[in-house]
Each structure stands twice: as C-alpha cells, then as structure tokens.
Number of protein chains: 4
Amino acid sequence: MRASNRVARTARARVAPVAGRKRSEASRRAILDATHELLERDGFDGLSIEGVAARAGVGKTTIYRWWPTKGVLAVEAFLDAATPSIAFRRTRSAKADMRQQMRALAALYRGPTGRFVREMIGSSQSDPEMRKAFVEGFLTPRRKAAHESFRRALAAGEFRPGLDPDTAIDALYAPIYYRLLVSGAPIDEAFLDRHIDLVLRGLTA
Amino acid sequence: MRASNRVARTARARVAPVAGRKRSEASRRAILDATHELLERDGFDGLSIEGVAARAGVGKTTIYRWWPTKGVLAVEAFLDAATPSIAFRRTRSAKADMRQQMRALAALYRGPTGRFVREMIGSSQSDPEMRKAFVEGFLTPRRKAAHESFRRALAAGEFRPGLDPDTAIDALYAPIYYRLLVSGAPIDEAFLDRHIDLVLRGLTA
Amino acid sequence: MRASNRVARTARARVAPVAGRKRSEASRRAILDATHELLERDGFDGLSIEGVAARAGVGKTTIYRWWPTKGVLAVEAFLDAATPSIAFRRTRSAKADMRQQMRALAALYRGPTGRFVREMIGSSQSDPEMRKAFVEGFLTPRRKAAHESFRRALAAGEFRPGLDPDTAIDALYAPIYYRLLVSGAPIDEAFLDRHIDLVLRGLTA
Amino acid sequence: MRASNRVARTARARVAPVAGRKRSEASRRAILDATHELLERDGFDGLSIEGVAARAGVGKTTIYRWWPTKGVLAVEAFLDAATPSIAFRRTRSAKADMRQQMRALAALYRGPTGRFVREMIGSSQSDPEMRKAFVEGFLTPRRKAAHESFRRALAAGEFRPGLDPDTAIDALYAPIYYRLLVSGAPIDEAFLDRHIDLVLRGLTA
DNA sequence: GACTAAGCGAGACGGTACGTCTTGTCTTCAC
DNA sequence: GTGAAGACAAGACGTACCGTCTCGCTTAGTC
C-alpha cells in the first residue's frame, strides 16, 4: 500500500513535475536532524515516527510521504549526519593500505558509530528496504575502496595470483562484523593483527 | 522493573520452594509450541506476547512470569523446537571434519533455520538478554565443537603451530555470518570451498 | 478566521470587480455536482472537502475560496440539485390548499429528500452559517407560501379570526419535523389527516 | 465490527460473568465526568474520544470497550449528569398539569440543557445508536409522563373524546422542538400560551 | 480436612505508537 | 490573478500490544 504509493509518487515525480508546492527543504532537514538526535539518545528501537515528528515540528504525514519505513529514515539520517569519510591514504604498499583501512574501520566501530552499525544491521533483518538502504549507502562504498586496494595489491604482486577478490575481502572483513554483531568479543588492535597475519599467511603450515 | 521482578522470583524460587501450585508443564509446552508456530508464520517481528497467549490458550501473566522478554521466549522456543543436532562425525582428518562441519552449518543456514538465526541475531542487537540466551544456547555449543576439532587438528600437526584458536575459528566461520546478515551473498558450496582454501593457504604468495 | 476571510472576500467582490481571471463556472458546477453525488452516496457525515475536491477535479483552495463551510456547500449543492418546486395550486378553498401543501411536503420527506433535510437540520445544530443557509434557502420560501395560504384563508373567513399566523403555522407543520427528526414515527397520510383535523377543531370538547 | 464486538461482549457478560478483572467503576465515573465537562466546554462537535481519555486519565481502549460511539457516550454522560427530574405535580386539573409540564420543559430548554438537547438531536441524525440512546433515555420517559396526564384529562372529560393520544401529544410538544431545532424562534411563555390555547380550541371558527 | 500459598485463565486497565484521514493554509506553476 | 496540484502542520481516528493489575478458580503442600 505505502510501497505502491511510493512507486506511484516516484513515477509521477519523474514524469510530471508540474504543479504543486515543492518539497520543503526545511522540513527535510528538521526530520533528519531530529531522527539523528533521537537515534543517538534512545537507539533505533526507541525511535518512533511520532517522536521524530514531534521533535522536528512536522506532521507525521510529511514523514510518511517521503520515507517508507522508520528503518530507511534512520539509515538516511545516519548517513546524512555521519558519512564518516574514512580517507584511505595511499602508501607504497597496498597491503599496508588495507591493514590501515581495517584499523580505521575497527576504530570507528569501537566508537559510537559501532552502536549505530550494530543496530542498523540488526534491524535490517526484518526490513528489506532498510537493509538495501544501509548496504548501498554505507557498506558498498567502503567495500569498493577495499576492492580497489585489493586489486592494486594483486597487480603489484603483493598477493598470491588467482585470488577471488570477494572471497578475500570477506575473509578479511567478516570477523570484524562477527565480533560486532555476534560474539561481542573486542575488535582491538591485537586481535586485528593476529587476524590479518593469519589470513595473509594461511592456516596451513 | 521486569528485571528486578525476575531477580526476585529467581531468588525466591531458590530460597523458599515452599507451598503452592506447581508450574504447569502443559502451559509451558503450549507456550513454546505457539511461539514456534507464530515465529514460523510471522517472523520474529510479527511475534507478540498477546498473540502467543491467545494461541496457547494461556494468560499473558503466565508468560511474563516465566520469560523476561519476547526475545528470550523466541530463543527458547527456537532451541526447544529445533535443536538441530549437527552430529559431528570424526573421521581420520580433523581438518576434513571442520570442513564438513562448516558445510553442514551452511546447509542449515540455507534452509529455514537461516531465517530464524538471522532474525534472532538481528533482534538481539537491542535485547541483551536475548543475545545472551541465543549465544549461550545456540552458538556456544557449536563453537565448542569447532574448538574441539581445531584442537585435534592442531595436535595432529594439520595446522601451523602457534595459531590462536579463537582467531582461527573466527576467520573460518565469520564469513558465513557476514553473508547471512550483511551482504546477503549466497553461502553455497563453491563459496565455502574457495573460502576454506583461502584461509588454509593464506593470502600471501 | 475563516469567517474573516469570507468577509474580506465579500468586501473585495463588492468593491473591486476589477482584474484577473474570472470565477470558473465549470469549477462551480463540478463542485456542486460532486458534492451532491457524495451527499447522496455517503451522507453529510461522510462528506469531506477533500473528497469533493478529488471527485470534482478541483483544488481544495477553490472550494475554500467560495464556500465558508462544508455545511454551506452541502446546502447549496442540495438546493442547486433539488429545488423541489412544490407548486401550490390555488383552489377554491385556502384551507384545502394548505392541506394539499402539507401532503406534498410529507410525501417529499418520505422520499430521499427526507434524509437530506434530516441531515441538514441535524448538522446545522453545530454550524450556524449552515443553519442560516438552509433556513433561508429552503424553509423560508416554503413558509412564505404557507403564510400566503393562511392569510387567504383567514381573509376568507375559513379560520377563526384573531389567530397569530406564526403560531398557527408552527402548530400545523412542527409535528412533521418532530417525526422526521425526533421520534422517527411515520409521516403518512393517516397521521396527517388526524393531525390536521385535530388542529382545525382543537382539543377541547 | 465494533458493533458485533459489543454484541459478543454483552452476550458473554450475560451468560458467563465468570473470569477476569471487573469493570472499574472509577474509570466509568471519570469518563462520564470528563465527557460532561468537555461537552459543556466545547459542545458535542468539539468532543473527542482522545480528549475524554486524556482528561479522564484513562486509556482510549477503555472508552471504546464500553461505548460504541462518541455519540452514545455523550448521551450517557448527559443523562448521568443531568437527569433533570421534572417532577410533575398533580393538581386538580390534568389539563393544567400538562400546561405546567410544557412550561417546565420550555424553561429547561431555554437554559443550558437546551443546547445539549439541540446538539444531541442534531448529531443523532447521523448516528442511529445515539438517537436510540437519546430517545430512550431522555424523551421516552418525558413522553410517558405526558401520556399519563393526557389520559387522565381524557378520562376526566377535560378533552374531546376519541382523541388519539400520540397525535395530540405531538401537536402539543412538537412546536417546542421545531423552534429549538429549526426556526430558532424563542420558546417563551407568551408563545407557549398562544400555542396551547390554539391547540385546545382549534383553528376553526 | 482445613488452611495457605502459589499458579493459572481471563480480561480490564493506562499507555504508546501505529498508519490513515481530514482540516485549513501555503506555495508553485500554468492559463 | 484565478485555479489545479499538492506539500504542509495539526490532530483525531480506531487498532494493536505493551506490561500491570485484579478476579475467581485450581492445585499443592503444611498444619
């Protein structure tokens, strides 16, 4: 119902942007800001459309008009506010670059962002649109950077030829998420070093 | 509030098992069964204490008396119904055992159990008690088996000496969860083979 | 608020019929027609400006510009569509004329118009403008005709001299409205005959 | 839906008042009082279930559980608070009694009760349950008293024999309601005297 | 066998949030 | 400068559940 509405809207918007009042940028901002603040204060579970509307001084309809789900709204507010630009330095060694990238990510997840990411991925499990939004908005860009480093390292002969990038990147990054989401074990430097060494050298003697 | 209630109960139960009617096994069964069915039908998000009580023909109080959270109830119902005993065969090679264990887990997660696990871990992110229950009830036993195999392999010299078991097991299993929860990429045999080979041999030339 | 708007408009319309696009007759028609149809379909309570605008293919503003209240709009649409011209025949006896007028009114109220009138008067109780519009547009003309007949009868000596016209007309017509609005008792010919006879002869022996 | 619920409830309540917490008299009181106050302050149109719940310190559900409609609630609150017991004195003349009854009613309707009655009857036009509640709770008892007086007068020979009581009572009382609801003309003593005289003597010379 | 605890079903209760609907206003563009 | 389109703040709607609170049973021990 709402979904189809949205499709209709989108379609219309694309085809006939003719008449009618324009979307209010002020409202958009107020909503995203309010969402971010509430997210920070109460967590995703404590977030409610009602609460956002009240704090933003906005009608609920306005939120429902532009966001399909509180999940998607949360993701957008998170991306909007955070967009923590992990600048990837390029050094001489691509392998060293990757290590640095992973360290940066781990550090990020140890901070408040970690909680957001945990909650986003968690709640995504029952909201496909939210999952899509989060993966595309947050994970994919980061993964692309990793891909890039990986390919450079491969080209430079720093890695064993014939490696499948996706498998490799999964192997490197997955444990960070596993600890974040599942085991709760710390994602500290010591662990990271052990883990990267292991993946680089392999388990086998 | 609820938490303190529980503490009180537990304490009382331990200290003074005096008089009064005993807990009804029939109700417990009905509740777990109803929960499982609803979980199957509507997913964790669609689950409600109200619904469980109605379907089980039970007062809500009875549920609140024995379970602190719908999350914990769901975990218990899942464990009760499923407890999918992955029998770990011991063959000549512990390394082969591990591979077989991982294959079994992947197969399990490709089926309906995968959805449960996804939802359980997802919802756990905002319910620490649920997370504890799920980790202890489901993941820890499995991890222990993996530990055991790993230690056997290590002792048999099938793995490089000096490896940290936790790091190794994380490296092996984490990507399965990463795909289940985050990327949504398939957890098929081909991937598993590539992944295990990679971890066994390492990334480095 | 709305009221002051209207005053402003009215004033402007009277003072300065100067420039700009003229009121669209097409819109006016579409609005009145749509209102009448919706009134017929959903009753006054189910009527909404929103709905009228949608069905008439008209902006809500256009409605608010020209009508102060959904009540007034409904009354106007009703008058516009219905204006059930009760043609009052003049026969030899003015007394007979009145009886015939009352019969016609009763017949009208037994049909679909009855429902409109019921709803209009009902809703008028909380909308003075609507009440005014309905009384002036619908009731007053009819009452004038009754007055006219009454005066003729009085002059012709058909009624007892010295009678107050308003009191007399109230006594004759009120029970029709009482049954329509309050008791729900039928307004059939038998009742009408009994009633008119009673009022003509009086209660007293 | 709600209606059928109510039927179910009622039926159950009648058949099996066995288990479950009992209806809270405190809530019932608070709701009726709040309703009455709001009715007095804002009129029926300004009344909202939401507002009643807030002022009564009560959940909306509790209201919906026991009253089908805000209309019925309003009627009940009105009856509960007002129940203006028009004590009908019995004097030597039943005719005089009726006159006194009508005077009392007119006086009542000139006061604040008049507004309630106007609004109740008005809103009843689009809420059959409310209409039923108001007629049965308020009008019928009063009409019964009128009937009684009328029958006494008839028996005493104060009225012309053969009169139909309903027609007569309608003729006497209807104009009061007509002025209240329709014409807005005053319901003062002078009018009442003229009217009663007219009906007693008849229109005819 | 009476007394005294719970446990239990039912379900009323005060709340919170839901997603929808309508209100009356405001803004934008087209005629 | 009217009019269609439609965004907007506001707020009520009726529903679903939450977690708590009676109620009046029904089971156990305990005296």
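Heavy atoms only: backbone and side chains are in, while hydrogens, waters and symmetry mates are out. Chain A is the first sequence line, chain B the second, and so forth, proteins listed ahead of strands; every chain is numbered from 1.
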At under 4.0 Å between heavy atoms, what does A:Gly57 touch on the DNA or RNA strands: base, sugar-phosphate, or nothing? sugar-phosphate
Taking atom P of E:dG11 as reference, at what distance in whole Å does atom CD1 of B:Ile63 sit? 15 Å
Rounded to the nearest Å, what distance is computed from the CG atom of residue C:Asp45 to the P atom of nucleotide E:dC21? 17 Å
B:Glu25 has an atom CD; how far is it from atom P of F:dA28, in whole Å? 13 Å
Out of E:dC8, E:dG9, F:dG19, which nucleotide sits closest to the side chain of B:Arg23? E:dC8
Could you give the CZ-to-P distance, from C:Arg28 to F:dT2, as a whole number of Å? 17 Å
Confirm from the modelled atom types if B:Arg21 and E:dA6 form a donor-acceptor pair under 3.5 Å, side chain to base only. no
Of A:Glu50 and D:Ser24, whose closest DNA chain E nucleotide lies nearer the 5' terminus? D:Ser24
Measure from CG on B:Leu38 to P on F:dA16 and round the result to the nearest Å. 16 Å
Candidate nucleotides E:dC13, F:dT2, E:dG19, ranked by approach to the side chain of A:Tyr64 - the nearest: E:dG19
Can you list the steps and then say if D:Trp67 with D:Leu32 is a side-chain contact (heavy atoms from CB on, under 4.5 Å)? CA-CA 11 Å; D:Trp67 288 276; D:Leu32 290 176; 3.9 Å; yes
If you take atom types as modelled and just measure distance, does the side chain of D:Lys60 reach the base of E:dG14 with a donor-acceptor pair under 3.5 Å? no
Would you mind listing every salt bridge (Lys or Arg N to Asp or Glu O under 4.0 Å) that reaches into residues 44-62 of chain A, with sequence neighbours excluded? A:Glu37-A:Arg55, A:Glu50-A:Lys60
B:Ile31 has an atom CD1; how far is it from atom P of E:dA10, in whole Å? 12 Å
Under the side-chain hydrogen bond (donor to acceptor under 3.5 Å, both in side chains) test, residues paired with A:Ser48 that sit two or more places apart: none
From CZ of A:Arg55 across to C1' of E:dA17 the rounded distance in Å is 18 Å
Go through it in stages, so that I can follow the logic: the residues are D:Glu76 and D:Ile31, the test is side-chain contact (heavy atoms from CB on, under 4.5 Å), and I'd like the CA-CA distance, side-chain angles, deciding distance and then a yes or no. CA-CA 10 Å; D:Glu76 246 168 76; D:Ile31 290 167; over 6 Å; no
On DNA chain E, nearest-nucleotide positions of C:Ile49 versus D:Val58: which is more 5'? D:Val58
Donor/acceptor link under 3.5 angstrom from A:Ser48 side chain onto base of E:dC18: no
Find which nucleotide of DNA chain F each of D:Thr61 and A:Ala56 is nearest to by heavy atoms, and output the residue with the more 5' nucleotide. A:Ala56
Answer yes or no on whether A:Arg28 is positioned over the face of A:Trp66, meaning its NZ or CZ is under 6.0 Å from the six-membered ring centre and within 45° of the axis. no
Hey, does the side-chain of D:Ser27 have a donor or acceptor N/O within less than 3.5 Å of a partner on the base of E:dA12? no
5′-ward residue of the pair C:Ala53/B:Lys70 relative to DNA chain F: C:Ala53
What integer distance in Å separates D:Trp67:CH2 from F:dG14:P? 15 Å
Taking only N and O in the side chain of C:Trp66, is any of them less than 4.0 Å away from OP1 or OP2 of F:dT2? no
For C:Phe116 and C:Phe78, take the angle between the two ring planes, folded into 0 to 90°, and tell me which bin it lands in: parallel under 30, tilted 30 to 60, perpendicular over 60. tilted
For F:dA9, does the base pair up with any side-chain atom of A:Thr62 as donor and acceptor (N or O, under 3.5 Å, distance only)? no
